[in-house]
Amino acid sequence: MEKIQMTTPLVEMDGDEMTRILWKMIKEELLYPFIDLKTEYYDLGLEYRDKTGDKVTVDSALATKKYGVAVKCATITPNKERVKEYNLKEMWKSPNATIRAILDGTVFRAPILVKGIEPYVRSWKKPITIARHAYGDVYKAVELSILESGVCELVYTSDLGEETRVPIHTFDGAGIVQGQHNTIQSIENFARCCFNYGLDTKQDVWFATKDTISKQYDHTFKDVFQEVFDTEYKEAFEKENITYFYTLIDDAVARVIKSEGGYIWACKNYDGDVMSDMVATAFGSLAMMTSVLVNPDGVYEYEAAHGTVQRHYYKHLKGEETSTNSVATIFAWSGALRKRGQLDKLNPLVAFADKLEQATIETIESGIMTKDLASITTLENVKEVNSETFIKEIRKRLEHSLNIAKA
């Protein structure tokens, strides 16, 4: 078949370890044969981030602002062990946090549902979408190790030179301290992204923090959400017969577990990080989760919500066979291609993205799947396959679907 032509590039952010291997397989088996793929490529592998002083991460985020759509592979956020393993110049911050801070958007994560992979929570019948604020909090925190007794204070100096000091703690000995921040503009953007997504998908929006304990920080989030909703979205929500409500984060967890799903659960940055993993695992697998960052200017960055699959990578380096689930990474590509097609009014590219996702789901529902899914599926006559075979099985179904469409 003639390759689908693209008019505007995607920003492509390559990554680390086993997901980097899958990234290459996906392009070679599922994209290059069918699309004249145009990307502006950035290597976010840990070695190149270290070589460029992490400038490549910033450059990739700025390119995303320019082109409007990006697709990102999973990347390593180094700890002390990684610094030693890769001989890094320093312990670089999370590339995701850097990109999200520059784009200042909201990450929407939702499970990919397939027959035979049943949620661990029996009441869940519909997807639960986690809306994660993508700026600030612990991901932009400043930390300090306290080595001896003394007083630690929070100090704010205005542009006029006026100073406000708040005592944090009087240390009797060694300890640790952390300073977090956020901005009203970013919280407003977060709220608008959530409400817009609710209207687009016709889903209720829940928001939860711990404002009873954090009476200024978390309470500000609560107040801003309510004000934005009341002044900008209340009428539209009523017209669509959908609702918005706020509750404490612990109450939200209890409600979520007893619910049937089918709503957007908005969370602060760290809460969203943790809860999206919980929701993904409870629906079956971290590798069965879509993830897209949307900012108020209409910029989109698609990625897999899971890590770099380090254990499988070490097996791969030894020449051992792996059975790594590539579904979330495939759906990152399909999501980005679909959005690129929608923005550029390229219907064949949109249709290709739909068919790629359908071919992936059909492969699993036919009983062909990777080890993580084979261990939890309710399907019978399951065939557990390795990483490469799974992708090639998807290609067979994709080719069949495209040939039918052509005929």
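Treat the numbers as computed from the prediction; the structure is a model and nothing was measured. For the single chain, residues carry numbers from 1 onward in sequence order.
Outside the 6.0 Å centre-distance limit, the rings of Tyr246 and Phe225 are not counted as a close aromatic pair. Remark: aromatic rings of Phe237 and Phe229 are close, center separation under 6.0 Å. Close placement of the His181 and Tyr135 rings is indicated, their centers lying within 6.0 Å of each other.
Within 6.0 Å of CG on Asp200 lie more than 12 heavy atoms contributed by other residues, nucleotides or ligands. The environment of OH in Tyr270 is sparse: at most 12 heavy-atom neighbours from other residues, nucleotides or ligands sit within 6.0 Å. Heavy-atom contacts from other residues, nucleotides or ligands closer than 6.0 Å to NZ of Lys315 number more than 12. Heavy atoms from other residues, nucleotides or ligands lying under 6.0 Å from CD of Gln178 number more than 12. For Glu238, the CD atom sits in a packed shell: over 12 heavy atoms of surrounding residues, nucleotides or ligands are nearer than 6.0 Å. For Lys396, the NZ atom sits in a loose shell: 12 or fewer heavy atoms of surrounding residues, nucleotides or ligands are nearer than 6.0 Å. Heavy atoms of other residues, nucleotides or ligands lying less than 6.0 angstrom from NZ of Lys27 number more than 12. Surrounding NZ of Lys202 are more than 12 heavy atoms belonging to other residues, nucleotides or ligands, all under 6.0 Å away.
The heavy-atom pair separating Pro9 from Tyr67 by the smallest distance is CD-CE2, 3.8 Å. Scanning all heavy atoms of the two residues, the minimum distance from Thr64 to Met13 falls at OG1-CE, 3.2 Å. Among all heavy-atom pairs drawn from Tyr217 and Ser214, the shortest one is CB-OG, 3.1 Å. Across Asn182 and Phe221, no two heavy atoms sit closer than the pair ND2-CZ, 3.8 Å. Nearest heavy-atom pair across Gly307 and Ala74 is O-CB, 3.5 Å. Listed here is the closest heavy atom pair of Ala63 and Glu40: CB-OE2, 3.8 Å.
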Checklist entry - Is there a ring-ring contact (aromatic ring centres under 6.0 Å, His included) between Tyr302 and Phe331 once you walk through the steps? => result CA-CA 8 Å; Tyr302 295 81; Phe331 271 64; over 10 Å; no
Item to check | Thr201/Tyr197 under side-chain hydrogen bond (donor to acceptor under 3.5 Å, both in side chains): CA gap, chis, key distance, verdict | outcome: CA-CA 6 Å; Thr201 59; Tyr197 204 79; over 6 Å; no
Next on the checklist: Run Arg165 and Glu153 through salt bridge (Lys or Arg N to Asp or Glu O under 4.0 Å) and show every step you take.
Outcome noted: CA-CA 6 Å; Arg165 307 177 76 91; Glu153 295 180 317; 2.7 Å; yes
Item to check | Asp344/Thr7 under side-chain hydrogen bond (donor to acceptor under 3.5 Å, both in side chains): CA gap, chis, key distance, verdict | outcome: CA-CA 7 Å; Asp344 293 350; Thr7 55; 3.3 Å; yes
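Residues Asn295 and Tyr300 have side chains that never bring a donor and an acceptor to within less than 3.5 angstrom of each other. Counting only N and O atoms by type, the side chains of Asp16 and Tyr313 include no donor and acceptor under 3.5 Å apart. Thr322 and Ser387 are linked by a side-chain donor-acceptor pair at a separation below 3.5 angstrom, with hydrogens and angles left out of the test. At a cut-off of 3.5 Å, with distance as the only test, no side-chain donor of Asp137 or His133 sits close to an acceptor on the other residue. Side chain to side chain, Tyr48 and Thr52 fail the donor-acceptor criterion of an N or O pair below 3.5 Å. Looking at Asp54 and Thr57, their side chains do bring a donor and an acceptor atom within 3.5 Å of each other.
Considering only heavy atoms from C-beta on, Thr370 stays 4.5 Å or farther from Thr324 through its side chain. Two residues are said to be in side-chain contact when any heavy atoms from C-beta on lie closer than 4.5 Å; Arg20 and Asp43 meet this criterion. Using a 4.5 Å heavy-atom threshold, the side chains of Ser123 and Ser259 count as separate. You'll find the side chain of Tyr233 reaches within 4.5 Å of the side chain of Leu199, heavy atoms only. In this structure the side chain of Leu343 reaches within 4.5 angstrom of the side chain of Val69, judged on heavy atoms. Proximity of Tyr42 to Glu12: side-chain heavy atoms (C-beta onward) are nowhere separated by under 4.5 Å. Counting heavy atoms from C-beta on, the side chains of Ile242 and Gln203 never come closer than 4.5 Å. Contact annotation: the side chain of Lys72 approaches that of Ile99 to within less than 4.5 Å [non-hydrogen atoms, C-beta and beyond].
Salt bridge status for Asp211 with Lys215: absent, with no side-chain N to carboxylate O gap under 4.0 Å. Under 4.0 Å is where a charged nitrogen must lie from a carboxylate oxygen, and between Arg132 and Asp271 no such pair does. Taking a cutoff of 4.0 Å between a charged side-chain nitrogen and a carboxylate oxygen, Asp104 and Arg100 do not qualify as a salt bridge. For the pair Arg82 and Glu85, the salt-bridge criterion is met [side-chain N within less than 4.0 Å of a carboxylate O]. For the pair Glu388 and Lys392, the salt-bridge criterion is met [side-chain N within less than 4.0 Å of a carboxylate O].
Side-chain atoms of Asn79 come within 3.5 Å of backbone atoms of Glu81 as a donor-acceptor pair (strictly under, hydrogens ignored). Put simply, the side chain of Lys234 never gets that close to the backbone of Tyr244: no donor and acceptor are under 3.5 Å apart. Not a single donor-acceptor pair under 3.5 Å links the side chain of Asn386 to the backbone N or O of Ser323. Judged by distance alone, with hydrogens and angles left aside, the side-chain atoms of Thr75 form no donor-acceptor pair with the main-chain N or O of Leu44 at under 3.5 Å. Counting only distance, with no hydrogens or angles, the side chain of Arg395 and the backbone of Ile26 share no donor-acceptor pair below 3.5 Å. Checked by atom type and distance alone, the side chain of Lys383 never pairs as donor or acceptor with a backbone atom of Ile368 at under 3.5 Å. Panel note: side chain Arg109, backbone Ser291; no donor-acceptor pair is recorded below 3.5 Å. Under the 3.5 Å distance criterion, the side-chain polar atoms of Ser375 are matched with a main-chain donor or acceptor of Asp372. With hydrogens and angles disregarded, no donor-acceptor distance shorter than 3.5 Å links the side chain of Ser401 to the backbone of Arg397. Asp36 places no side-chain N or O within donor-acceptor distance of the main-chain N or O of Lys3, the cut-off being under 3.5 Å.
Put simply, the residue from Glu357, Lys339, Lys355, Gln358 that forms a side-chain hydrogen bond (donor to acceptor under 3.5 Å, both in side chains) with Ser334 is Glu357. For the side-chain hydrogen bond (donor to acceptor under 3.5 Å, both in side chains) with Tyr314, the lone residue among Gln310, Arg311, His316 that qualifies is Gln310.
Distance check, rounded to the nearest 0.5 Å: CG of Asn96 to CG of Leu293 gives 9.5 Å. Once rounded to the nearest 0.5 Å, the distance linking CD1 of Ile391 with NZ of Lys24 reads 11.5 Å. For the atom pair Ile76 CD1 and Leu46 CG, the distance stands at 5.0 Å (nearest 0.5 Å). We find the CG-CG distance between Leu103 and Asn189 to be 12.0 Å, quoted to the nearest 0.5 Å. Going from atom OG1 of Thr106 over to atom CD1 of Ile130 covers 12.5 Å, rounded to the nearest 0.5 Å.
Both the sub-6.0 Å distance and the 45° axial angle are not jointly satisfied by Lys222 relative to the ring of Phe207.
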